[in-house]
Amino acid sequence: MTRFTVAIDGPAAAGKGTISKAVAAHFGFAHLDTGLLYRAVGAKTLAGADPIAAARSLTPADMQGNLRTPDVAQAASKVAVIAEVRAALVDFQRNFAARDGGAVLDGRDIGTVICPDADVKLFVTASAEVRAERRFLELSAKDHEVSRGQVLADVIARDKRDSEREEAPLKPAVDAVIIDTSDLSIEDAVAQAIARINAAR
Ligand code: DC
């Protein structure tokens, strides 16, 4: 097989990462979590770097380390509004999408901006409350001292910033299939995604 691109977008903690990993494993596709690119830029910015310079000089090493913290998530969402930051990350994502053997990219603007010609576009979402509860359980399991209220407020703030920005706002592509995971098990959500991809192959 040559190229086959699956674009998976959606708000924070909707289940994109879990679905993307499962889909990539099922079909033997490569997977890129594009949020990590913005998290890496966010982390560098928290450490004092200029966000645009950080995005332009990003290396794979910058993607290592603990980028899954609430502070880095908010910093990522803030640098993601900057057009020059987004522009610096486009080629890497498009090259990844075009690799032989198939690729799954998950993020906010994959189906709309990065890969508008993706073979399959999924928009994975869930209510803010369900997403906040999932994120709360995830962070608590990693010993982060967080309250449910704070996590919900963070999720809502990030949704608002990600959807209201001018550059590549979070929104479903017109041809995206919406998967609402609020009342779905992981297995059912993954099965729906796999069924959509099988239908397009
Ligand atoms: O998917 P994530 O939670 O790791 O993403 C962190 C932030 O990065 C998110 O709040 C907005 C930004 N982001 C983006 O603007 N575009 C993407 N394709 C992926 C992430």
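As the structure lists them, so they are numbered: ligands from 1, and atoms in each ligand from 1. Predicted model only: the values in this text are computed from it and were never measured.
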### Message
I need the atoms of ligand 1 closer than 4.0 Å to a non-hydrogen atom of Ala80, numbered in the order shown.
### Response
12 (C), 15 (O)
## Note on the structure
The answer for which part of Arg108 has a heavy atom under 4.0 Å from ligand 1 is both
### Query
Is the closest side-chain donor-acceptor distance between Arg108 and Tyr38 under 3.5 Å?
no
### Query
Any luck finding a side-chain donor-acceptor pair between Arg39 and Ser77 under 3.5 Å?
no
### Query
Any idea which protein heavy atom is nearest atom 16 (N) of ligand 1, and the distance to it?
Arg86 NH2, 3.1 Å
### Message
Taking 4.0 Å as the limit for heavy-atom contacts, which would you say applies to Arg165 with ligand 1: side chain only, backbone only, both, or neither?
### Response
side chain
### Task
Using a cut-off of 6.0 Å, state whether more than 12 heavy atoms not belonging to Ile178 lie near its atom CD1.
yes
### Nitrogen or oxygen of Tyr38 less than 3.5 angstrom from that of ligand 1
no
### Query
Any idea how Phe27 and Phe29 line up, ring-wise: parallel (<30°), tilted (30 to 60°), or perpendicular (>60°)?
parallel
### Query
Does a salt bridge link Arg3 with Asp100, judged by any charged N lying under 4.0 Å from a carboxylate O?
no
### Message
Can you name the atoms of ligand 1, numbered from 1 with element, that are less than 4.0 Å from a heavy atom of Ala76?
### Response
6 (C), 7 (C), 8 (O)
### Query
Which ligand 1 atoms, with their elements, are less than 4.0 angstrom from a heavy-atom of Arg39?
2 (P), 3 (O), 4 (O), 6 (C)
### Query
Do Thr69 and Asp71 have side-chain N/O donor and acceptor atoms under 3.5 Å apart?
no
